[in-house]
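Scroll down for the structure; my scribbles are underneath it.
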There are 2 protein chains.
Amino acid sequence: MARNKREVDHDVKRGQIEDAACRLFLVDGYEATSMAAVAKAAGVAPNTLYWYFANKDDLLVAVLDRHVNQAIAQLATKQDQPLSTQLKWLLVEFQRTSRLVSTVHARMDRSDTIRVWHDRFHAMLDQMLVDRMVSKGMSRAKASVMATVGTYVVEGLLSHPHTSQQMDKVVLWLAGNDQL
Amino acid sequence: MARNKREVDHDVKRGQIEDAACRLFLVDGYEATSMAAVAKAAGVAPNTLYWYFANKDDLLVAVLDRHVNQAIAQLATKQDQPLSTQLKWLLVEFQRTSRLVSTVHARMDRSDTIRVWHDRFHAMLDQMLVDRMVSKGMSRAKASVMATVGTYVVEGLLSHPHTSQQMDKVVLWLAGNDQL
DNA sequence: ACCTGAACACCGTTCAAGT
DNA sequence: ACCTGAACACCGTTCAAGT
């Protein structure tokens, strides 16, 4: 008897649950965060989550979309800065979410929802990268290869330990070679 | 009252459990395979597994070592073949275990055992690649960067869907650029 | 439409007891 | 030293019942 039934808008409450999940998934990781923990942080009973999300993977997708949309929005404000700067900013930005990258790959073949999201994300990223390189004068054939290479190198850098020097060297090579 | 106590050697039985786990982890994936399923396939009670392995991650490490040792042994017999052939063989070989690659990355920060194994594996692979490129006349500085790039591109190819044409193009670029 | 307490099936792991 | 049945704590999810 308090905050239920229309006292709070559906989307607002859904957003509050996403807030809690967002925070916990980043700090503790997806697998280490139980639905019970998310519910507690959001101030609801565990099963209430299932009114707003079909399952835990669905909640993950909502969290992922938040991160991606935020990154895209912030990147848009940096379009006129040098490309190496943008690349480095993107790396630092995604480093915070590197655990989620691993989680997505691990859950892809257990959850259709996650696999669809993953494939869509890569299609979008790939198109973005190819278009940029083509507009810089690179042939579409080469741009296609370099987009794939660039994506996987960044993913690898994110999910493996590195000295910042080694990382800088690789980013430098990438920026020079890709003509991003 | 049958196959217990010294009737079967410790290491042999441990190997039989690894056999079962190896098969199930590849077919169903690590997370989808319960310890109960491994035990059943090996013909023992679930808790018997814990006499031979400290926990599920320990069992995974044993399975991973099997795959790696097998791959190294087979690769050794191909040392005189062209490098692009070797690279392609390695890709196909590891493609069978691509789910385990994702699993290792996802479990790294929950399990010390897995993280240690992962870091060791990359150190070994990196040294192998760098040595080979240096022996082909590449500077150590460039070889270091290219080893990192090559490793991550291969990891990316393994864990993402691709047309075989796109994969061939990237491998070709890699073989040409790396001077592996 | 929204929320909940209680339950379900499953999981990795442990324990006490056996040989 | 090796093996087991039974139990434990936890998990994602569901159900019946409430407002």
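Heavy atoms only: backbone and side chains are in, while hydrogens, waters and symmetry mates are out. Lettering follows sequence order; numbering is per chain, from 1.
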**OP:** Report the nucleotide, chosen from C:dT4, D:dG12, C:dC3, that has the shortest atom-to-atom distance to any side-chain atom of A:Y50.
**Re:** D:dG12
**OP:** Ignoring hydrogens and angles, tell me if any N or O in the side chain of B:S139 forms a donor-acceptor pair with the backbone of B:K142 under 3.5 Å.
**Re:** yes
**OP:** Send over the distance from B:L49 CG to C:dC11 P, rounded to a whole Å.
**Re:** 13 Å
Subject >> D:dC2 OP1/OP2 closer than 4.0 Å to side-chain N/O of B:H10 >> reply: yes
Original post:
What residues form a ring pair (Phe, Tyr, Trp, His ring centres under 6.0 Å) with B:Y30, not counting sequence neighbours?
Top reply: B:F25
**OP:** To the nearest Å, give me how far apart CZ (A:R14) and P (C:dC2) are.
**Re:** 12 Å
Subject >> Side-chain hydrophobic cluster, 4.5 Å single linkage: members besides A:V130 >> reply: A:V134
**OP:** Would you please name every residue forming a salt bridge (charged side-chain N to carboxylate O under 4.0 Å, His left out) with B:R140, sequence neighbours left out?
**Re:** B:D131
**OP:** For A:D119, check salt bridge (charged side-chain N to carboxylate O under 4.0 Å, His left out) against everything at least two apart and list the hits.
**Re:** A:R115
**OP:** Would you kindly say whether A:E31 and A:T103 are connected by a side-chain donor-acceptor distance under 3.5 Å?
**Re:** no
Original post:
Listed by chain and number, what are the ring pair (Phe, Tyr, Trp, His ring centres under 6.0 Å) partners of B:H122, not counting sequence neighbours?
Top reply: A:H160, B:H118
**OP:** Kindly state each residue pair satisfying salt bridge (Lys or Arg N to Asp or Glu O under 4.0 Å) with at least one member in residues 66-92 of chain B, sequence neighbours excluded.
**Re:** B:E18-B:R66, B:D19-B:R66
Subject >> Closest listed nucleotide, where the reference is the side chain of A:Y52 and the choices are C:dC3, D:dC3, C:dT4 >> reply: C:dC3
Original post:
Under the ring pair (Phe, Tyr, Trp, His ring centres under 6.0 Å) test, which residues partner A:Y52, sequence neighbours left out?
Top reply: A:H10
Original post:
Can you tell me how far C1' of C:dC2 sits from CD1 of A:I17, to the nearest Å?
Top reply: 11 Å
**OP:** Mind listing the residues from residues 19-41 of chain A sitting with a heavy atom below 4.0 Å of DNA chain D? Number order is fine.
**Re:** A:T33, A:S34, A:M35
Subject >> Phosphate OP1/OP2 of C:dC2 contacted by A:W51 side-chain N/O (<4.0 Å) >> reply: yes
Subject >> Residue list, side-chain contact (heavy atoms from CB on, under 4.5 Å) with B:A36, at least two apart or on another chain >> reply: B:S34
Subject >> Base-paired stems that DNA chain D participates in, counting runs of 3 or more Watson-Crick or G-U pairs under 3.5 Å >> reply: C:4-8 with D:12-16, C:12-16 with D:4-8
**OP:** Specify the residues of residues 53-61 of chain B, ordered by number, for which at least one heavy atom lies under 4.0 angstrom from an atom of DNA chain C.
**Re:** B:N55, B:K56
Subject >> Non-neighbouring partners of A:L75 that pass side-chain contact (heavy atoms from CB on, under 4.5 Å), sequence neighbours left out >> reply: A:Q86, A:W89, A:L90, A:M128
